[in-house]
Structures are given as structure tokens and as C-alpha cells.
Amino acid sequence: MTTRLAHRLDGIPPTIFTTMSALAIRTGAVNLGQGFPDADGPASVLDAARDAIASGANQYAPGNGVAVLRQAIARHQHRHYGLGLDPDSQVVVTTGCTEGIAAALLALVDPGDEVVVLEPYYDSYVAMIQMAGGVRRPVTLRAPDFRLDAEELRAAVGPRTRLVLLNSPHNPTGTVLTRAELQAVADVALEHDLLVVTDEVYEHLTFGDHDHVPLATLPGMFERTLTLSSAGKSYSVTGWKVGWATGPAALVGAVLAASQWLTFTSGAPLQPAVAHGLDAEPEWPRALAASLEKRRDLLCDGLASLGLDVRRPEGTYFALTDISSLGWRDGMEFCLALPERAGVVAIPAQPFHDSAAGDQLVRWAFCKEVDVIEEGLRRLAAADLSR
Ligand SMILES: Cc1ncc(COP(=O)(O)O)c(C=O)c1O
């Protein structure tokens with residue numbers, strides 16, 4: 001019997017991360033592809049999870065998340081951004097940011113509604129906009145600077161636009177939207193009465209003087225902004241999938257209305273452990289960012305010395321390179337050849353684009369340990385990378 005997938009999945013390929021990580025395992029390649037760190041998060045957070053399991057926090061957590069975590073998230077938003085939130089009505093815990101994205105789109109987008117989204121996009125956005133029946137309207141961050149063009153943003157908005165789906169710090173370009181760029185988003189949202197869903201999972205992972213500004217802090221924006229984040233990147237626990245949505249009660253309630261039917265709840269013993277991290281280890285993510293910045297430089301300098309055009313990212317785990325200087329026109333072809341040629345895996349940026357803007361772009365992760373990055377660079381330097 002052949003199984004026909006429902007039309008809501010038409011044309012959505014398996015996530016590129018599964019494909020490339022499987023390739024890394026099969027070929028024994030150094031995985032500079034998928035964005036997960038090699039090192040664990042803070043010991044006290046891991047201990048808190050073990051303690052929670054030992055003390056019996058092993059049954060369903062409340063659907064909106066355990067109170068200690070919702071309170072810790074509210075304190076986090078206040079400590080870092082001066083946002084005052086009611087932990088009962090303006091915070092909901094989700095199964096990673098990924099479920100927050102899914103629930104927000106399922107709850108807020110009707111079939112035929114348009115969603116304006118930054119391109120390149122995190123690939124779950126495409127899948128979930130489509131599953132919600134929405135239509136994506138990409139606004140491209142273009143090489144070499146990958147800045148947001150306010151005119152292009154304005155042109156993407158039309159009568160069917162329901163919401164803007166934003167991501168800053170931005171995966172995969174490493175762009176951290178400036179206050180002026182965010183103001184352009186706010187102006188459009190206010191003028192056209194749009195909602196904004198903003199994915200801020202890399203909120204603490206910024207470099208140099210590129211500080212993250214949450215859109216919700218701009219004048220008039222709190223009321224129309226749903227902010228999504230998660231513990232995965234900030235505390236190096238990507239496998240825990242503890243995320244959250246914050247904002248006005250109506251938007252947070254919308255997320256809960258959908259998420260209660262997706263997973264209902266998640267990771268009961270992990271939630272108090274994340275609360276401990278937010279409250280007791282508030283400086284840990286910034287220390288991680290400082291260490292990542294050094295690894296960014298190691299990777300970017302190494303890739304540049306191989307003749308690649310490198311975009312030095314302002315935040316996140318990732319650096320983009322243009323491979324045309326090595327004679328390649330197609331990032332997918334390059335990335336599929338790379339494990340054989342060099343014993344390294346990277347991620348093509350094509351699957352994150354509708355347009356051809358990503359055809360020659362390849363993403364490399366520097367959230368790996370120094371010796372892993374060095375080994376990857378050694379292998380690349382020893383290989384013939386030209387087409
Ligand atoms: C932009 C972006 N949003 C969301 C996620 C997923 O977050 P979580 O693991 O909390 O579901 C990722 C992970 O790579 C990401 O890069």
C-alpha cells in the first residue's frame with residue numbers, strides 16, 4: 001500500500017538538518033552543520049533536573065507550564081528588557097520554540113492569510129505556515145550585508161497580510177536587527193494593524209556591540225507582539241525543548257489554545273531546572289556568547305583563509321559563506337560533495353530560500369568545541385575544495 005501524505009505537507013521536504021546530520025554520521029565527517037553544541041549547559045541546571053526527577057516531578061505539568069518557570073521567565077524579561085509580565089496570563093511554556101512557532105501560526109493564521117517572513121528563514125516556518133494554510137511572503141536579507149530593507153518589507157505587505165514572522169538574532173545570516181530596522185517593522189505593523197511573532201531564541205548570543213533589542217520593547221509594539229524564545233540555545237540544552245511565548249494575554253492565550261492540543265505540556269522535571277537556570281545562572285548565556293565569539297573568529301578566519309567569502313555574524317551559532325569564489329554555483333551540490341572530499345558537513349542555505357539569493361550560500365556552525373572546529377578546518381585545508 002502506498003501512503004499518500006495529506007496536501008498540507010505537499011512539497012515540504014524532510015528537514016535539511018536530518019539529511020545532513022545523517023550524512024555526517026554515515027561518513028564519519030566533522031559536523032559543522034546542525035546547530036547544537038558539543039558541551040553541556042551549566043552543571044547546576046543539569047543537577048536541578050536530576051533533583052526534580054528524584055523528587056517526583058515526573059507527571060504532567062500544567063498545560064501553560066509550571067508556575068516557578070513562568071515566574072522565572074517573567075523575571076527574565078524584566079531583568080534583561082524591562083518588560084513587566086503577569087506570569088499567569090502573559091507567559092506560556094511550550095515544547096521548545098518550535099512548538100511556540102507551530103502553535104502561534106495554527107492559532108493566528110487562517111487559510112489564505114499571508115505571513116511576511118524574513119528570507120532566509122528557519123525551515124520550520126515554511127512547514128508551519130503551509131500547515132496552517134497560510135501563504136508566505138518572503139523579505140530577503142541579501143549578501144553581503146544581510147540587512148533588512150524597509151522598502152522591501154513594506155512592499156511585501158498587502159491586504160491579506162495577517163502577521164510578520166520575525167527572527168533576530170537571525171539564523172542563518174547572523175544578522176542582529178538594529179533598532180532602526182526594528183522600528184521599520186514596527187512602523188509597518190502599526191500602519192497596517194499587523195501582529196508580529198518574533199523568534200528570539202538567540203537573544204543572548206550576540207557579539208561585540210551588537211545587542212539584541214526585543215521588538216516588544218518598541219513604543220506601541222507590546223500589544224501586538226508575541227515573543228518566542230527557549231532555553232535550548234541560551235543554556236546549551238537544545239535537547240530539552242523547553243521554550244516559551246510571552247506577550248499580551250490575548251496572544252499568549254492564542255498560543256495556549258493551540259498548544260494544548262499539540263503536546264498539552266512538556267518536560268515536567270526540565271521546567272523547574274530551566275527556572276533555576278534563568279534565576280540562578282543569569283550570566284551564563286553571556287559567558288557562552290563570549291566563548292562563542294572566539295570560536296566565531298576561529299571559524300571565520302579559517303574559512304576566509306581557504307578562499308571563501310565569509311559573513312562575520314553579529315550573533316547566533318552560524319556563519320554564512322559564499323562558495324562562488326571556489327567555482328561552485330550550487331550550495332547543495334557543494335555540501336553533498338563535502339563529506340567525501342573533506343570529511344566535513346555544512347548546511348546549504350538553499351532550503352531556507354524561495355528566491356535564488358541563497359544558491360551559493362553555505363552555513364557553518366561554530367557552536368562546536370575549539371578542537372572540533374580546528375579539526376574541521378584542518379580537513380578543509382587538506383582537501384581540494386574547488387569545483
Ligand atoms: C531561529 C530558530 N528558531 C527556533 C529554533 C528551535 O528552537 P527549539 O529547539 O527551542 O525548539 C531554532 C533552532 O535551531 C532556531 O535556529
Side-chain angles (χ1 to χ4, degrees), residues 15-21 31-38 41 45 65 69 73 76 92-105 115 117-129 136 138 141 146 164-177 196-206 212 214-215 226-246 255 258-259 262-263 265-267 270-271 273-274 277-278 285 288-289 292 313-320 346-347 349 351-353 363-368:
T15 159
I16 187 70
F17 304 112
T18 308
T19 311
M20 298 312 287
S21 285
N31 191 351
L32 300 181
Q34 199 172 359
F36 59 85
D38 296 324
V45 173
L69 178 54
I73 292 164
H76 171 274
V92 62
V93 175
T94 55
T95 305
C97 178
T98 305
E99 192 200 26
I101 295 161
L105 293 170
V115 176
V117 57
L118 300 185
E119 177 194 72
Y121 28 66
Y122 180 56
D123 61 354
S124 91
Y125 301 169
V126 175
M128 287 317 306
I129 291 169
R136 64 181 178 276
L141 305 181
F146 300 99
V164 179
L165 178 51
L166 209 63
N167 169 219
S168 180
H170 183 260
N171 171 12
T173 64
T175 291
V176 178
L177 294 179
V196 186
V197 176
T198 156
D199 173 346
E200 305 187 352
V201 294
Y202 298 102
E203 60 188 312
H204 296 300
L205 305 185
T206 61
H212 168 64
L215 185 75
L226 184 67
T227 304
L228 307 179
S229 193
S230 118
K233 315 291 179 181
S234 296
Y235 286 92
S236 294
V237 287
T238 59
W240 283 18
K241 301 295 279 187
V242 176
W244 48 87
T246 59
V255 169
S259 71
L262 293 173
T263 56
T265 183
S266 72
L270 304 179
Q271 293 191 32
V274 169
L278 294 175
L288 172 62
L292 275 173
E314 300 161 352
T316 77
Y317 280 175
F318 310 110
L320 277 184
I347 299 282
F352 312 140
H353 288 79
R363 193 193 82 170
W364 310 79
F366 52 84
C367 52
K368 310 295 178 183

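Values below: every heavy atom of this structure, side chains too, minus hydrogens, waters and symmetry copies. Atoms within each ligand, like the ligands themselves, are counted from 1 in listed order.
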Could you list the atoms of ligand 1 found under 4.0 angstrom from a heavy atom of [X]?
X: Lys233; answer: 12 (C), 13 (C), 14 (O)
X: Asn167; answer: 1 (C)
X: Ser230; answer: 10 (O)

May I ask you to check if ligand 1 and Asn171 share an N or O to N or O distance below 3.5 Å? yes
What I want to check is whether the side chains of [X] and [Y] have a donor and an acceptor closer together than 3.5 Å.
X: Ser21; Y: Gln34; value: yes
X: Lys241; Y: Thr98; value: yes
X: Asn171; Y: Thr316; value: no

Quick one: which of Asn167, Val197, Val115 gives a side chain to side chain contact (heavy atoms under 4.5 Å, CB included) with Tyr125? Asn167
Report yes or no: does Tyr202 have a heavy atom closer than 4.0 Å to ligand 1? yes
Any side-chain heavy-atom pair of His170 and Tyr122 under 4.5 Å: no
Atom 7 (O) of ligand 1 has as its nearest protein heavy atom Cys97 CB, 3.6 Å
Atom 9 (O) of ligand 1: nearest protein contact (heavy atom, Å): Lys241 NZ, 3.2 Å
Ligand 1 versus His170, non-hydrogen atoms closer than 4.0 Å: side chain, backbone, both, neither? neither
Could you walk me through whether Tyr317 and Tyr202 pass ring-ring contact (aromatic ring centres under 6.0 Å, His included), step by step? CA-CA 8 Å; Tyr317 280 175; Tyr202 298 102; 5.5 Å; yes
Who passes side-chain contact (heavy atoms from CB on, under 4.5 Å) against Ser229, sequence neighbours left out? Glu203, Trp244
Nearest option to atom 3 (N) of ligand 1, as decided by whichever heavy atom of Leu228, Val237, Thr94, Asp199 sits closest: Asp199
